Amino acid sequence: MSETSMSNWQLIKNGIFAENTIFKLAISLCPSIAVTSGLKNGVLMGVAVLFVQTMVNMTIALMRNVINSKIRIPVFMLVISGWVSVADMGMAAYARDVYRSMGLYIQLIVAFASILARAELFASKNKVVPSMFDGIGMGIGFLVALTIISFFRELIGKGSLWGISLTGGVKPMLIMIMPTGGFFAVGILMAFFNWMELRGGKAPAHH
Amino acid sequence: MSEQKNDTEMTGADIAKIIINLVVIYAIGGMILATVYAKTSPVIFTKAKQEKEERLKQMMPEADSIEKTGEWQIHHHGAGYYTAQKGGAPVGYIVETFGKGYSSYVNTLVALDTKLVVQKIDVVSQKETPGLGDEVEDPAWKDLFKGKTLDTLKVVKDGDQRYIAAISGATISSRAVTDDKLGGGVKGGVQMLTDVLSGKTQPKQAGNEGGQH
């Protein structure tokens, strides 16, 4: 993949549909199972990833000409962990309320394959502006995927949404909020989106 | 990104260049992080302290003074215990405790009346599994602790109302708060306070405000 020819809008759409981190690229599946047991967790994690992905992409794009290609992976890791630490410390100091609900997720992002993958595949070869839009698109794609997964898992597994109970006494299927249920949810949704695409006769995903 | 040369063709100068490149980038990264840390850590410290005082007050709103009376060690964490007074007469105690959970030590505050009956608990911090273990912060679950004593601080799965009902799928986290069987949790804290008050163990005086007794 060399410098992109896609427009900014296409880059965002690409991140949400054609190269959706979870449903298409099937990377960062660990967090997609680990933190999607509730809608709130899924959405907050998605927002945290959206922020870090965009900042990391822009930083890498800025630095792309000064990084020796042999040491690019350690440099990417530094940039990712640096942004995560800055976001973590900044929120802890100046946005205590946000930190209380998001702090846990921000720290987990260091180990996300999706962030590193976009730094390597896109930002290290593109200018700052397209890299920013790629980060936003990828981040929104991740957010959308986590929102859908956690919506179904919380609804079926706990009978509630965003912590608000909806069942009215019906016993929920607890297995859906266990890791096992995470595999079910991701697998079924992935199959569903692929089926939709095949049935719609849309062109195969852009590569 | 294709590699122009393979490793055998690298000269000493190439290696030196790579090393310098990496060292410079990491040094800059380190400096940025150090600056952010230096700027934020005092703010974080003060805000965390304020929040702690605020939390203690909320544990026993009727008290007009809450004094630290001592410290104890649980799971290698230092935790304080406090005496709440109103108009000079003690109205209760607050104990800070830690319990070993599934993926973290759950930090809890317990408010007790003078007869050592639990009035209220509050989970200060925990890193249990989101969606399962973090249900220990659910207000309805925390309300189960009201009126519990040493004998009834026990996690049960059969719904016996005299005890604490385990959270579905999160028995370990429920135990971390209630009784982790390792001397921690709310029960560990109440036990410690009972021992101190009955003189079984000597209380360790609070470091910076000694002479409260």
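Quick note on labels: first sequence line is chain A, next is B, and so on, each numbered from 1. Both backbone and side-chain heavy atoms feed into the values below; hydrogens, waters and symmetry mates do not. Quick caveat, the model's predicted, so the values are computed rather than measured.
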* To do: Inspect the surroundings of NZ in B/Lys100 and state if more than 12 heavy atoms from other residues, nucleotides or ligands are less than 6.0 Å away.
  => no

* Is it the case that more than 12 heavy atoms not belonging to A/Phe193 sit under 6.0 Å from its CZ atom? -> yes

* **Pairs touching residues 160-170 of chain B that satisfy side chain to side chain donor-acceptor pair (under 3.5 Å), sequence neighbours left out** => B/Asp160-B/Arg162

* Between B/Val43, B/Ile32, B/Val24, which residue shows the highest count of heavy-atom pairs closer than 4.5 Å to chain A? -> B/Val43

* Please check if atom CE in A/Met77 has more than 12 non-hydrogen atoms from other residues, nucleotides or ligands closer than 6.0 Å. => yes

* Asked: Side chain, backbone, both or neither: which part of A/Leu174 has a non-hydrogen atom closer than 4.5 Å to chain B?
  -> side chain

* Asked: Which members of residues 50-65 of chain B, sorted by number, sit under 4.5 angstrom from chain A on a heavy-atom basis?
  -> B/Glu51

* Structure fact -> What one should report as the nearest heavy-atom pair of A/Gly82 and B/Leu33 is O-CD2, 3.8 Å

* Structure fact -> If one checks every heavy atom of A/Tyr94 against chain B at 4.5 Å, the contacting part turns out to be both

* Asked: Heavy-atom distance under 4.5 Å to chain A: side chain of B/Phe45, backbone, both or neither?
  -> neither

* To do: Would you indicate whether the side-chain heavy atoms of A/Ser85 and B/Val36 approach each other to under 4.5 Å?
  => no

* Structure fact -> Here the pair of heavy atoms bringing B/Ile44 nearest to A/Ala92 is CD1-CB, 3.6 Å

* Any donor-acceptor pair under 3.5 Å from A/Lys70 side chain to B/Ile18 backbone -> no

* Contact list for residues 16-29 of chain B, test side chain to side chain donor-acceptor pair (under 3.5 Å), sequence neighbours left out -> none

* Assess whether atom NZ of B/Lys154 is packed by more than 12 heavy atoms of other residues, nucleotides or ligands within 6.0 Å. => no

* Rounded distance [0.5 Å steps], CD1 in B/Ile20 versus CG in A/Asn68 -> 11.0 Å

* Asked: Can you pull the salt bridge (Lys or Arg N to Asp or Glu O under 4.0 Å) pairs that have at least one residue in residues 130-144 of chain A, sequence neighbours excluded?
  -> A/Arg118-A/Asp134

* Of B/Val23, B/Leu22, B/Ile19, the residue whose pairing with A/Ile71 passes side chain to side chain contact (heavy atoms under 4.5 Å, CB included) -> B/Leu22

* CG on B/Asp134 to CG on A/Asn41, rounded to 0.5 Å -> 6.0 Å

